[in-house]
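The next block holds one structure in the form of C-alpha cells; read it before the comments.
Everything numeric here is computed off the predicted structure, so don't read it as measured data. All values below were derived from every heavy atom in this structure, side-chain atoms included, with hydrogens, water molecules and symmetry-related copies excluded.
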Amino acid sequence: MRIRFIILTILLFAAVSLQARTFDRGLGNPKSVYIQKGTWQAGLSGSYNTYDAEGLNGAKGTSLLGIVTDLSGQVSRSSASVSGAWFFADNYSIGARLGYAATSVDLDNAKVLSLLDLQNRHIDAMHMTGAVCFRGYLPLFDSRIVALFGEGSVGGRRGYTKDYEETARGKLGTYSDDFSLYFEMCSGLSVFVNNYCSLTFSIPFLQIGRTWSTQTKEGEPASKRSQVFADYKPDLLGISIGVEYNF
C-alpha cells in the first residue's frame, strides 16, 4: 500500500512538472485580440437537413447498416436562431439566444431487425428555445481574421410533438406538450469576411439536461414521461452555420 502511494505521488509530481513546461506549437499568441472589449454582437444562425429513402426496381426500400431494412420515407430537420452578445473582455462575451427548431418524419415503411414492422408513421415537432450564452475566442496564428471558439449555454425549450398515422378517419395518434432544461457546450470556427461581419461554423459536443412531457390521446390526457440525458459526443445533426455583426 505504501509503495503504491509513493508511486502515485511521483506520477502526480511528474504530471504537474510536465504541465508547467510550455511548448510553442506555432498557433500564435492566445492573448492576441480577436474582438475587442466593449463590442456588441448580433447574430443569425440556422441549419437544414433532409434525408430520403426509396426503393428502386420494385424494392420496398433501402437498408440502413443491416439493422433497418425496407426503409422508405423522408426525414427533415431545420432550425434558426437570433442572438445578441456583449464583450465584457477582449475575446470573451456573454449574451442571449432565441431559437426555433422543427422536425418532420414521414415513414412509409421500415423493418427493424426483421422483427418489427413499421408502416404509415408520421412525426411532426416544433420547439422554441431560449438560452444565456458565454463564449471565448482563441485567435489562430495571431490573426484577427480566423479564430476557434468555445461556447457554453444554459437554457430551456418549449414546444409540441405529434405522433400519428393517416387513416380513413383522419390523423390518429398522440399529442405531447414538451419542456426541457439543458446545459450545452459547442466548439466552432469564426472567420471575418470584412471589418464587421464574420461567419461561424459550430457543432455541439456536450449536452446535459432534463426533458418532460404530457401526452394526450384522443383528446384526453393519457400519460407523462421524463428523461435525464448526458451526451459527450459530436452532434452531426446539430451542425450550424451563422453570420454575426460586430459594432
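Between the CE atom of M126 and the NZ atom of K162 there is a distance of 10.0 Å, given to the nearest 0.5 Å. Here the OG1-OH distance, from T50 to Y48, works out to 4.5 Å after rounding to the nearest 0.5 Å. Taken to the nearest 0.5 Å, the CG atom of L181 stands 4.0 Å off from the CH2 atom of W212. For the atom pair CZ (F87) and OG (S93), the distance works out to 4.0 Å, reported to the nearest 0.5 Å. Atoms OG and CG, from S76 and D124 in turn, are 8.5 Å apart once rounded to the nearest 0.5 Å. Distance check, rounded to the nearest 0.5 Å: CD1 of I123 to CG of L107 gives 8.5 Å.
Annotation: side chain of V105 is not in contact with side chain of R121 (no heavy-atom distance under 4.5 Å). In this structure, the side chains of M128 and R157 stay at 4.5 Å or more apart for every pair of heavy atoms. Taking the side chain as every heavy atom from C-beta outward, L44 and Y245 never approach each other to under 4.5 Å. N246 places a side-chain heavy atom less than 4.5 Å from the side chain of S198. At least one side-chain heavy atom of R210 sits less than 4.5 Å from a side-chain heavy atom of S226. Inter-residue side-chain proximity for T211 and Q227 is flagged as met; some heavy-atom pair is nearer than 4.5 Å. In this structure the side chain of F205 reaches within 4.5 angstrom of the side chain of Y232, judged on heavy atoms. V146 is not listed as a side-chain neighbour of F141, based on a closest heavy-atom distance of 4.5 Å or more.
Contact between K224 and T214 at its shortest, heavy atoms only, is CG-OG1, 4.1 Å. Closest approach of V243 and C197 over heavy atoms only: CG2-SG, 3.5 Å. The two residues C133 and R97 have their closest heavy-atom pair at SG-NH1, 3.0 Å. When every heavy atom of Y137 is checked against every heavy atom of E244, the shortest pair comes out as OH-OE1, 3.5 Å. Of all heavy-atom pairs between A147 and P139, the closest is CB-CA, 3.7 Å.
Counting heavy atoms of neighbouring residues, nucleotides and ligands inside a 6.0 Å radius, atom CZ of R144 does not exceed 12 of them. By the 6.0 Å contact criterion, CD1 on I145 is open, its count of non-hydrogen atoms from other residues, nucleotides or ligands being 12 or less. More than 12 non-hydrogen atoms from other residues, nucleotides or ligands lie less than 6.0 angstrom from CZ of F88.
Residues passing the side chain to side chain donor-acceptor pair (under 3.5 Å) test with H127, sequence neighbours excluded: D178.
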Pair R77-T103, side chain to side chain donor-acceptor pair (under 3.5 Å): steps then yes or no: CA-CA 5 Å; R77 180 178 176 180; T103 301; 4.8 Å; no
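Exactly one of N91, T200, I35 qualifies for a side chain to side chain contact (heavy atoms under 4.5 Å, CB included) with F149. That residue is T200. Residue S45 forms a side chain to side chain donor-acceptor pair (under 3.5 Å) with just one option from S83, S81, S79, and that option is S81.
The main-chain N or O of Q74 is never found under 3.5 Å from a side-chain atom of D52 such that the two would form a donor-acceptor pair.
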Contacts table for residues 182-191: side-chain donor-acceptor under 3.5 angstrom, sequence neighbours left out:
unit_1, atom_1, unit_2, atom_2, d
E184, OE2, Q207, NE2, 2.8
S190, OG, Y34, OH, 2.9

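Residues Y92 and W40 are members of one and the same hydrophobic cluster, defined by side-chain heavy-atom contacts under 4.5 angstrom among Ile, Leu, Val, Met, Phe, Trp and Tyr.
Ring geometry for Y160 versus Y175: interplanar angle under 30°, hence parallel rather than tilted (30 to 60°).
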